[in-house]
Trainee: 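So that we are looking at the same thing, I have put the structure below in structure tokens.
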Amino acid sequence: MQPTFLSSVPKSLVSAVVAVLENVPYDVYVEATFHADKGSIWDKQTGWTYAAEPSVPEIQKALQEKPIEHISKSAKSAFLGDKDLAVILRAKGIEEVHIVGVDTNDCILATAYNAFDLGFFAYVIEECVSASEGSELHEAALKILRNVDLTNHSKRIASNSEVSI
């Protein structure tokens, strides 16, 4: 959760993510940070570049002393970063991933679909995601994700107390 992407999301988002990081034990935590270099597809197709920056201090603090994997990515999905996330997760015996952060309609959606396509049970934690470009895109993405049972509030999943928050 890099500062630039948080300027127009609800202030409660960081607190919600920190609460999950501090209170829900996971076998591994993945911090994926994004960058879009000059000459990248981002630059060529959208005219947009973005220098890498670390997650906000609250997230960094919540991740201290946790088993963490840092992924640097210039793609939408955390599975397309500088490390093979699928291999890392499988090596640790992980079959299910919970996804938090921004942007619901972009990186969150791509990561959830990639996780599913790679054979992981994938759940976007709805209380812990947002879209920097507004609630309309956020809600549209959640609708798509719910339709394919990829959130903790999907119809088929909502009754599973292990995933619900």
Trainee: Is it the case that the side chain of D84 and the backbone of V87 share a donor-acceptor pair, with hydrogens and angles ignored and the cut-off at 3.5 Å?
Mentor: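 Checked: pair present.
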Trainee: Should K73 and C107 count as side-chain neighbours, where that means a heavy-atom distance under 4.5 Å?
Mentor: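 Yes - at least one pair of side-chain heavy atoms lies under 4.5 Å apart.
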Trainee: Is the closest side-chain heavy-atom distance between L145 and L109 below 4.5 Å?
Mentor: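 Of all side-chain heavy-atom pairs linking L109 with L145, at least one is under 4.5 Å.
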Trainee: Flag the pair T104 / L142 as yes when at least one side-chain heavy-atom distance between them is below 4.5 Å, and no otherwise.
Mentor: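 A side-chain contact exists here, since the closest heavy-atom pair is under 4.5 Å.
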Trainee: Would you call the rings of F34 and F5 parallel, tilted or perpendicular if under 30° counts as parallel and over 60° as perpendicular?
Mentor: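 Plane angle over 60°, so perpendicular.
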Trainee: Where do I59 and V17 land on the side chain to side chain contact (heavy atoms under 4.5 Å, CB included) test, with the steps shown first?
Mentor: CA-CA 8 Å; I59 299 296; V17 171; 3.6 Å; yes
Trainee: Any idea how Y29 and Y26 line up, ring-wise: parallel (<30°), tilted (30 to 60°), or perpendicular (>60°)?
Mentor: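 Perpendicular.
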Trainee: So which atom in N105 and which in A141 form the shortest heavy-atom distance, rounded to 0.1 Å?
Mentor: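 Looking at all heavy atoms of both residues, the closest pair is CA-CB, 3.5 Å.
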Trainee: Kindly compute the distance separating CG (N147) from CD1 (I144), expressed to the nearest 0.5 Å.
Mentor: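 So the CG of N147 and the CD1 of I144 are separated by 8.5 Å.
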Trainee: Test T33 against I71 for side chain to side chain contact (heavy atoms under 4.5 Å, CB included), laying out the working first.
Mentor: CA-CA 6 Å; T33 54; I71 304 286; over 6 Å; no
Trainee: Less than 4.5 Å apart, side chain to side chain, heavy atoms only: is that true for K38 and K44?
Mentor: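 Side-chain contact under 4.5 Å: no.
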Trainee: Keeping K83 on the side-chain end and L85 on the backbone end, is there a donor-acceptor pair under 3.5 Å?
Mentor: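 Not confirmed, K83 side chain does not pair with L85 backbone.
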Trainee: Checking I99 against I125 for the side chain to side chain contact (heavy atoms under 4.5 Å, CB included) test, could you report, in this order, the C-alpha distance in whole Å, the side-chain angles of both residues, the deciding distance, and whether it holds?
Mentor: CA-CA 6 Å; I99 303 162; I125 307 301; over 6 Å; no
Trainee: If you look at every heavy atom in A122 and A115, which pair is closest and at what distance?
Mentor: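 Distance-wise, the nearest heavy atoms are CB-CB, 3.7 Å.
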Trainee: Going by atom types alone, do E53 and T4 pair a side-chain donor with an acceptor below 3.5 Å?
Mentor: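 Judged by distance alone, the side chains do pair up.
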Trainee: Do L80 and F116 sit in the same hydrophobic cluster, where Ile, Leu, Val, Met, Phe, Trp and Tyr count as joined when their side-chain heavy atoms come under 4.5 Å apart?
Mentor: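 In one cluster with L80: F116, no.
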Trainee: Compare every heavy atom of D82 with every heavy atom of H70, then report the nearest pair and how far apart it is.
Mentor: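 Where H70 meets D82 most closely, the heavy atoms are O-OD1, 4.3 Å.
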Trainee: Output yes when D106 and K76 qualify as a salt bridge under the 4.0 Å nitrogen-oxygen rule, no when they do not.
Mentor: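 Result for this pair is yes, salt bridge flagged.
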Trainee: Who pairs with L118 by side-chain contact (heavy atoms from CB on, under 4.5 Å), at least two apart in sequence or on another chain?
Mentor: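 Expected list: F79, A86, R90, F120.
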Trainee: Any donor and acceptor pair, going by atom type alone, linking the side chain of N23 with main-chain N or O of A19 inside 3.5 Å?
Mentor: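 Yes; at least one donor-acceptor contact below 3.5 Å.
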Trainee: For a 4.5 angstrom cut-off between non-hydrogen side-chain atoms, does T151 reach S154?
Mentor: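 Of all side-chain heavy-atom pairs linking S154 with T151, at least one is under 4.5 Å.
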Trainee: Closest approach of Q2 and V56, non-hydrogen atoms and distance?
Mentor: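 Closest approach of Q2 to V56: C-CG1, 4.5 Å.
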Trainee: Same cluster for L137 and W42 if Ile/Leu/Val/Met/Phe/Trp/Tyr side chains link at under 4.5 Å?
Mentor: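 Different clusters: L137 never reaches W42 through Ile, Leu, Val, Met, Phe, Trp or Tyr contacts under 4.5 Å.
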Trainee: Measure the OG-CG distance between S74 and D37 for me, rounded to the nearest 0.5 Å.
Mentor: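 Separation between the atoms: 6.5 Å.
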Trainee: Among all residues two or more places apart in sequence or in another chain, which pass the side-chain contact (heavy atoms from CB on, under 4.5 Å) test with S12?
Mentor: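 Testing S12 for side-chain contact (heavy atoms from CB on, under 4.5 Å), a comparison that skips the adjacent residues, returns P10.
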Trainee: If Ile, Leu, Val, Met, Phe, Trp and Tyr residues are connected whenever their side-chain heavy atoms lie under 4.5 Å apart, and connections chain through other members, are I88 and I94 in the same group?
Mentor: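 The answer is no; the residues belong to distinct hydrophobic clusters.
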Trainee: Is there a side-chain contact between I68 and E31, using heavy atoms and a 4.5 Å cut-off?
Mentor: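 They are in side-chain contact.
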Trainee: Which heavy atom in C128 sits nearest to a heavy atom in V20, and how many Å separate them?
Mentor: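 Looking at all heavy atoms of both residues, the shortest contact is SG-CG2, 3.6 Å.
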Trainee: Checking S8 against E133 for the side chain to side chain contact (heavy atoms under 4.5 Å, CB included) test, could you report, in this order, the C-alpha distance in whole Å, the side-chain angles of both residues, the deciding distance, and whether it holds?
Mentor: CA-CA 7 Å; S8 59; E133 293 186 36; over 6 Å; no
Trainee: I'd like to check the side-chain contact (heavy atoms from CB on, under 4.5 Å) partners of P54; sequence neighbours left out, ordered by chain and number.
Mentor: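 side-chain contact (heavy atoms from CB on, under 4.5 Å) check on P54 returns Q60.
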Trainee: Atom NZ of residue position K61 - does it have more than 12 heavy atoms of other residues, nucleotides or ligands inside 6.0 Å?
Mentor: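 At most 12 heavy atoms, drawn from other residues, nucleotides or ligands, come within 6.0 Å of this atom.
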Trainee: Quick one: do the H138 and E136 side chains pair a donor with an acceptor below 3.5 Å?
Mentor: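 Per modelled atom types, H138 and E136 side chains form no pair under 3.5 Å.
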Trainee: Decide yes or no for D43 and Y50: does some side-chain heavy atom of the first lie under 4.5 Å from some side-chain heavy atom of the second?
Mentor: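 When only atoms from C-beta onward are counted, Y50 and D43 do not touch, as no gap falls below 4.5 Å.
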Trainee: Do M1 and L13 have side chains that get closer than 4.5 Å, going by heavy atoms?
Mentor: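 Touching, per the 4.5 Å side-chain cut-off.
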Trainee: For D27, I'd like to know if atom CG has over 12 heavy atoms of other residues, nucleotides or ligands within 6.0 Å.
Mentor: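 Open.
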Trainee: Can you confirm whether the side chains of H153 and E127 place a donor and an acceptor under 3.5 Å from each other?
Mentor: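 Judged by distance alone, the side chains do pair up.
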Trainee: Could you report the tightest heavy-atom contact between E126 and N152, atom names first, then the distance?
Mentor: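 Looking at all heavy atoms of both residues, the closest pair is N-OD1, 2.8 Å.
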Trainee: Do V148 and V129 sit in the same hydrophobic cluster, where Ile, Leu, Val, Met, Phe, Trp and Tyr count as joined when their side-chain heavy atoms come under 4.5 Å apart?
Mentor: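 Yes, V148 and V129 fall within the same hydrophobic cluster.
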